Student: 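First the structure, which I've put down as structure tokens, then a few questions once you've had a look.
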Amino acid sequence: MSKLSNLGEVLNGKEIPKETGLFPAYGGNGIISYVNNWNYPENTIVIGRVGANCGAVYFSTSKCWVTDNALAFIVNDKNNPYFVYYLLKYLDLNRFHIGSSQPLITQSIINSIDLTYITDKQKQNKIAKILHLIDQKIVNNNKINFELESMAKTLYDYWFLQFEFPNEEGKPYKSSGGKMVWNEELKREIPEGWELKHAYEIADIKTGKEDANHSTENGKYPFFTCSNDILRCDDYKFEGNVILIAGNGDFNVKHYNGKFNAYQRTYVIKPYDEKYIGLFHICCNQTVEQFKKGSNGSIVKFITLSDIQNVKMLDCKNDNLLTTFNKSLEQIDCLKKENEELLSLRDFLLPLLMNGQVTFKEES
């Protein structure tokens, strides 16, 4: 048995600088801004010190500023920094906090934690490499998804706002003399043959019926609430290829295809024709900012069924354009599913690697 202090030194953060810059500034919930100075070097482990994120653990590969809402853990030369990072996640530091209404974890608490850990640095290196490769794959998938989403938004702007989609000759429609007609509701011209549709005309729109406490820890089905996180539950009330919009909070938009359940303030939108799912998903995302600016309520902002029903979409009558958005959405969903599997694998391996249940074959 050893003390956690044997792996490195725990230090306090400081008040965040006002000037912006290139160095990430960490609080209890991760990076909160970028500042013009740093108080800790590369490979610093950051630990949330107080509040809801007490005991949360982050790793900074670059020089960083650690604020007074967090602690910095500087790993000594005898240990692999990434190994210690994963070890701290395995320990679940939040369970060592003091205080009830305002959880707090201190330097002395961290230093006094008893633990048994793998001391051989070569073995630490192997464990860290396995877990870090999984996390890097997740990060890379997220980057790809960001680019796919950006590409879809760019195409939407180019094709459905500027009307420069490819014509029969592959040239930009509007600038190549494509015929435009006036639309009174939009107060602008749109391509001939296109129609303005509202959500209620192209989709079945329902709300979830469940309370927030309907979720279960290891439920079989996804349970969608107004949070960005997807919970689980034991039963399903919906099935199909749908778009989900949070009725309050940040009005986040999600896509799901399968069986699921939903919270009572979550809107479930199922297009009558699935070929419109990708385009309609983008249209919903495009209107989120409008929801934020025009939502009802004084304390908790919310949107109504009428707001959702009147989401507008231009029906281009062109399956080739629609397919592009659908394929992009399918790729994003595929990478999200892969990330879920990778997270599950990492969480499965973490305790096995840390307590020595998984061993490595000795190199000859």
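Everything numeric in this text was worked out from a predicted model, so none of it was measured.
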Student: Would you call E189 and K174 a salt bridge, using N to O less than 4.0 angstrom?
Tutor: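 Answer for the salt bridge query: no.
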Student: Would you say W194 ends up clustered with V311 if hydrophobic residues are merged whenever their side chains have heavy atoms under 4.5 Å apart, either directly or through other cluster members?
Tutor: yes
Student: Under the 3.5 angstrom rule, does the side chain of R49 hit a backbone N or O of C54 as a donor-acceptor pair?
Tutor: no
Student: Please determine whether ring pair (Phe, Tyr, Trp, His ring centres under 6.0 Å) holds for the pair H214 and Y263, giving the CA-CA distance in whole Å, both sets of side-chain angles, and the decisive distance to 0.1 Å.
Tutor: CA-CA 8 Å; H214 187 72; Y263 169 61; over 10 Å; no
Student: Kindly give the heavy-atom pair with the smallest separation between P222 and I230, and that separation in Å.
Tutor: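 That would be CB-CG2, 3.9 Å.
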Student: Looking only at heavy atoms, which two atoms of P172 and Y158 are closest? And how far apart?
Tutor: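 Distance-wise, the nearest heavy atoms are CG-OH, 4.0 Å.
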Student: Would you check, one step at a time, whether the test side-chain hydrogen bond (donor to acceptor under 3.5 Å, both in side chains) holds for D120 with Q122?
Tutor: CA-CA 6 Å; D120 186 303; Q122 286 189 336; over 6 Å; no
Student: According to the interplanar angle, ranging from 0 to 90°, do the rings of H281 and H255 count as parallel (below 30°), tilted (30 to 60°) or perpendicular (above 60°)?
Tutor: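 Rings of H281 and H255: perpendicular, over 60°.
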Student: Can you tell me how far apart CG (L4) and CD1 (I110) are? Round to the nearest 0.5 Å.
Tutor: 6.5 Å
Student: Describe, in one word, how the ring planes of Y236 and Y221 are oriented to each other, choosing from parallel (under 30°), tilted (30 to 60°) and perpendicular (over 60°).
Tutor: tilted
Student: Output the distance between atom OG1 (T225) and atom CG (N252), rounded to the nearest 0.5 Å.
Tutor: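 Answer for the OG1-CG pair, T225 versus N252, is 8.0 Å.
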Student: For the backbone of N213 and the side chain of D211, can you confirm whether one donor and one acceptor N or O come within less than 3.5 Å of each other?
Tutor: no
Student: Sub-3.5 Å donor-acceptor pair from the side chain of N326 to the main-chain atoms of G278, do we have one?
Tutor: yes
Student: Following the transitive rule for hydrophobic clusters with a side-chain heavy-atom cut-off under 4.5 Å over Ile, Leu, Val, Met, Phe, Trp and Tyr, establish whether V268 and I243 coincide in one cluster.
Tutor: no
Student: Indicate yes or no: at least one non-hydrogen side-chain atom of T324 is less than 4.5 angstrom from one of W159.
Tutor: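 T324 vs W159: side chains touch.
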Student: Is the backbone of H198 close enough, under 3.5 Å, to the side chain of E201 for a donor and an acceptor to pair up by distance?
Tutor: yes
Student: Less than 4.0 Å between a side-chain N and a carboxylate O, is that true for D234 and K220?
Tutor: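 Looking at K220 and D234, the cut-off is not met.
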Student: Describe, in one word, how the ring planes of Y156 and F160 are oriented to each other, choosing from parallel (under 30°), tilted (30 to 60°) and perpendicular (over 60°).
Tutor: parallel
Student: Is it the case that over 12 heavy atoms from other parts of the model lie below 6.0 angstrom from the CG atom of L22?
Tutor: no
Student: What pair of heavy atoms forms the shortest contact from I332 to N145, and how long is it?
Tutor: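 Looks like CA-OD1, 3.2 Å.
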Student: As a quick check of understanding, evaluate side-chain contact (heavy atoms from CB on, under 4.5 Å) for K270 and N241, giving each step before the final call.
Tutor: CA-CA 6 Å; K270 185 178 182 180; N241 198 2; 6.0 Å; no
Student: Is there side-chain contact between E338 and K137, with heavy atoms separated by less than 4.5 Å?
Tutor: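 When only atoms from C-beta onward are counted, K137 and E338 do touch, with a gap below 4.5 Å.
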Student: When you compare the side chain of M180 with that of Y173, does any pair of heavy atoms fall below 4.5 Å?
Tutor: yes
Student: For the residue pair F224 and F260, does the interplanar ring angle fall in the parallel (under 30°), tilted (30 to 60°) or perpendicular (over 60°) class?
Tutor: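 Ring orientation, 0 to 90° scale: perpendicular.
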Student: Can you list the steps and then say if I245 with C284 is a side-chain contact (heavy atoms from CB on, under 4.5 Å)?
Tutor: CA-CA 8 Å; I245 301 180; C284 290; 3.8 Å; yes
Student: With clusters defined by side-chain heavy atoms of hydrophobic residues (ILVMFWY) lying less than 4.5 Å apart, directly or transitively, does V253 cluster with L155?
Tutor: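 Same hydrophobic cluster.
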Student: Evaluate the criterion side-chain hydrogen bond (donor to acceptor under 3.5 Å, both in side chains) for residue pair N111 and S108; output intermediate values, then yes/no.
Tutor: CA-CA 5 Å; N111 285 326; S108 59; over 6 Å; no
Student: Assess whether side-chain contact (heavy atoms from CB on, under 4.5 Å) is satisfied between L104 and H97, documenting all intermediate values.
Tutor: CA-CA 5 Å; L104 173 70; H97 77 260; 5.9 Å; no
Student: Quick one: CG on N80 to CD1 on I127, what's the gap to the nearest 0.5 Å?
Tutor: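 If we round to the nearest 0.5 Å, N80:CG and I127:CD1 are 9.5 Å apart.
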Student: On a heavy-atom basis, which atom in G219 and which in R232 lie closest, and how many Å separate them?
Tutor: O-NE, 3.1 Å
Student: Is the shortest heavy-atom distance from the side chain of L244 to the side chain of V242 under 4.5 Å?
Tutor: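 Yes, at least one pair of side-chain atoms sits under 4.5 Å.
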Student: How about K317: does its NZ atom have over 12 heavy atoms from other parts shown lying under 6.0 Å from it?
Tutor: yes
Student: Indicate whether the side chain of D307 and that of Y267 have a donor and an acceptor atom separated by less than 3.5 Å.
Tutor: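 No, no side-chain donor-acceptor pair sits under 3.5 Å.
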Student: Any idea which heavy atoms bring N6 and N76 closest together, and the distance?
Tutor: O-ND2, 2.8 Å
Student: If you define the side chain from C-beta out and look only at heavy atoms, does anything of F165 sit under 4.5 Å from C316?
Tutor: no
Student: For the atom pair CD1 (I202) and CD1 (I277), what is the distance rounded to the nearest 0.5 Å?
Tutor: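 Result: 9.0 Å between the selected atoms.
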Student: Would you check if N79 and K121 make a side-chain contact, meaning some heavy-atom pair closer than 4.5 Å?
Tutor: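 Sidechains of K121 and N79: no contact.
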Student: Less than 4.5 Å apart, side chain to side chain, heavy atoms only: is that true for L7 and Y117?
Tutor: yes
Student: Do any side-chain atoms of residues 24-42 form donor-acceptor pairs under 3.5 angstrom with protein atoms, and if so which ones, sequence neighbours left out?
Tutor:
| unit_1 | atom_1 | unit_2 | atom_2 | d |
| --- | --- | --- | --- | --- |
| N39 | OD1 | V66 | N | 2.9 |
| N39 | ND2 | V66 | O | 3.2 |
| Y40 | OH | N12 | O | 2.7 |

Student: Who passes side-chain contact (heavy atoms from CB on, under 4.5 Å) against E217, sequence neighbours left out?
Tutor: none
Student: Cluster question for you: counting only ILVMFWY and a side-chain heavy-atom cut-off of under 4.5 Å, with indirect links fine, are L321 and L161 together?
Tutor: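 Yes, L321 and L161 fall within the same hydrophobic cluster.
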Student: Under 4.5 Å between side-chain heavy atoms, hopping through other hydrophobics if needed: is there a path connecting L353 to L133?
Tutor: no
Student: CD of E15 to CG of N69: how many Å apart, nearest 0.5 Å?
Tutor: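 Result: 10.5 Å between the selected atoms.
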Student: Can you tell me how far CG of L279 sits from NZ of K275, rounded to the nearest 0.5 angstrom?
Tutor: 11.0 Å
Student: Might you work through the side-chain hydrogen bond (donor to acceptor under 3.5 Å, both in side chains) test for Y90 and D347, ending with a clear yes or no?
Tutor: CA-CA 9 Å; Y90 166 65; D347 293 344; over 6 Å; no
Student: Return the minimal non-hydrogen interatomic distance between I105 and G55, and the atom names on each side.
Tutor: CG2-N, 4.3 Å
Student: Quick check: do M354 and L115 have side-chain heavy atoms less than 4.5 Å from each other?
Tutor: no
Student: Please check if the number of heavy atoms outside F348 that lie under 6.0 Å from its CZ is greater than 12.
Tutor: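 At most 12 heavy atoms, drawn from other residues, nucleotides or ligands, come within 6.0 Å of this atom.
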Student: Between the side chains of N339 and K337, does any donor sit under 3.5 Å from an acceptor?
Tutor: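 The answer is no; no qualifying pair exists.
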Student: What's the verdict on side-chain contact (heavy atoms from CB on, under 4.5 Å) for Q309 and I205, showing C-alpha distance, side-chain angles and the deciding distance?
Tutor: CA-CA 7 Å; Q309 289 173 331; I205 305 171; 4.0 Å; yes
Student: With the threshold set at 4.0 Å, does a side-chain nitrogen-carboxylate oxygen contact exist between D204 and K206?
Tutor: yes
Student: Check the angle between the aromatic planes of Y82 and H132 and answer parallel, tilted or perpendicular using the 30° and 60° thresholds.
Tutor: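 Aromatic pair Y82/H132 classed tilted.
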Student: May I have all residue pairs that pass salt bridge (charged side-chain N to carboxylate O under 4.0 Å, His left out) and include part of residues 88-116, sequence neighbours excluded?
Tutor: K3-D114
Student: Between N257 and D333, is the side-chain hydrogen bond (donor to acceptor under 3.5 Å, both in side chains) condition met? List the steps.
Tutor: CA-CA 9 Å; N257 191 357; D333 286 344; over 6 Å; no
